[in-house]
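Here is the structure we will look at.
Quick caveat, the model's predicted, so the values are computed rather than measured.
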Amino acid sequence: MKTTWIKRKSFILEEIQTKKNKFQQFGITVAGGNGQGKKLNQLSWPEGIFIGNDKSIYIADYCNSRIVQWKLNSNTGQKNIPGRNQNNQLDNPTDIVFDKENNSFIISDAGNERVIRYFDKNQQVFISNIDCWGLTIDKNGFIYVSDWGNHEVRRWKQGDKQGELVAGGNGQGNQLNQLNNPTYIFIDDEYSLYISDFNNHRVMKWKKDAKEGIIVAGGNGKGYSLKQLYYPRGVIVDHLGQIYVADERNHRIMRWCEGDEEGEVVVGGNGLGNQSNQLNSPRSLSFDNEENLYVGDWFNHRVQKYEKI
């Protein structure tokens, strides 16, 4: 029985290696890239990104306090959600997701310490008085929010007053039941929650109803080796369960398989810079419906697309 299990595990790992996504190493700038600024062909510290089915890119343009949409092959964006100088203003938004069930965007309006819902040119406050950063939404339409200051993640339904604690909430720390300034998050179809545990230099996976998480990337202190992360940010998971992490201070995107001792560099990792094969403090990650990889390249004020090959 044990031999059969070992052979089965070996077969699964070999299949994953064979089917792993590979990407062009030279990114295409699909938004921004014209220096830091507030013009519609510019971005200023882009944070969270969402890719629509038509490959439109919605960007939380942090320092411009706006959400901008860049349509496929466009040279400029368009501001379709009110920013700092308008009514119902945003202030330093950090993330955006789309709620298919309610045909609305959910936005982490960090500077205003709230999460808002935006639809049909109207917006409503979804959650108030929260030190929000990252967002994700499960297949039932429940919203998950990482609370940077309280070192926890909560799940929210419409009308909730407090939300349900699903990860952390045991004070700031590095134990398996603790987080230290969580940022971006991702939920899979099994309701396992992946959390970029920023100041612990690791990514945690909290299974549904778990009382503590498991380390699935990093967790060996900050550093440059393939066993380490250095202030991780964006985290997403592909159809094979491979975990992608924006390794901010190492200027690279890493991929980890749960249980592996070290990750691999997927794109970037060629030093800090603004060339098409370089990144400068990547923050956010997203896939489109063809699993092309998009990276919010924070210090280069652009979004890079790495085509799947």
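Taking CG of N289 as the start and CD of E291 as the end, the distance is 10.0 Å to the nearest 0.5 Å. Here the CD1-CG distance, from I59 to D95, works out to 12.5 Å after rounding to the nearest 0.5 Å. Remark: R283 CZ to S196 OG distance equals 10.5 Å, nearest 0.5 Å. Distance check: R117 CZ to I127 CD1 gives 10.0 Å after rounding to the nearest 0.5 Å.
Inter-residue side-chain proximity for T183 and W148 is flagged as met; some heavy-atom pair is nearer than 4.5 Å. Residues Y184 and L135 form no side-chain contact, since every pair of their non-hydrogen atoms from C-beta on lies 4.5 Å or further apart. By the 4.5 Å heavy-atom criterion applied to side chains, V30 and W70 are not counted as neighbours. Side-chain contact between D188 and V237: absent, with no pair of heavy atoms (C-beta onward) separated by less than 4.5 Å. Taking the side chain as every heavy atom from C-beta outward, F198 and W133 never approach each other to under 4.5 Å.
Note: F299 and W45 meet the aromatic proximity criterion, with ring centroids under 6.0 Å apart. Proximity of the aromatic rings of W298 and Y62 is defined here by a centroid distance below 6.0 angstrom, and this criterion is not met. Here the two rings, on Y244 and F287, have centers that are under 6.0 Å apart.
Inspection of the Y294 and D288 side chains reveals an N or O donor paired with an N or O acceptor under 3.5 Å. For the residue pair N174/N200, the side-chain donor-acceptor check at 3.5 Å is not satisfied. A donor and an acceptor atom, one from each side chain of T29 and Q304, are located under 3.5 Å apart. Under 3.5 Å, the side chains of E307 and N292 contain no donor-acceptor pair of N or O atoms. In the model, Y306 has no side-chain atom that pairs as donor or acceptor with a side-chain atom of Q24 under 3.5 Å.
For the ring-ring contact (aromatic ring centres under 6.0 Å, His included) with F105, the lone residue among F119, Y118, Y58 that qualifies is Y58.
With hydrogens and angles disregarded, no donor-acceptor distance shorter than 3.5 Å links the side chain of E152 to the backbone of D147. Using modelled atom types, no side-chain atom of N280 and backbone atom of L272 make a donor-acceptor pair closer than 3.5 Å. Looking at N270, its side chain does come within 3.5 Å of a backbone N or O of N277 through a donor-acceptor pair.
The same ILVMFWY cluster, assembled from side-chain heavy atoms under 4.5 Å apart, contains both L279 and M254.
Through direct or indirect side-chain contacts shorter than 4.5 Å among Ile, Leu, Val, Met, Phe, Trp and Tyr, I215 is connected to F142, Y144, V153, V166, L176, L179, I185, I187, Y191, L193, I195, M204, W206.
Annotation: cation-pi geometry not satisfied between R114 and F126 (NZ/CZ under 6.0 angstrom from ring centroid, within 45° of ring axis).
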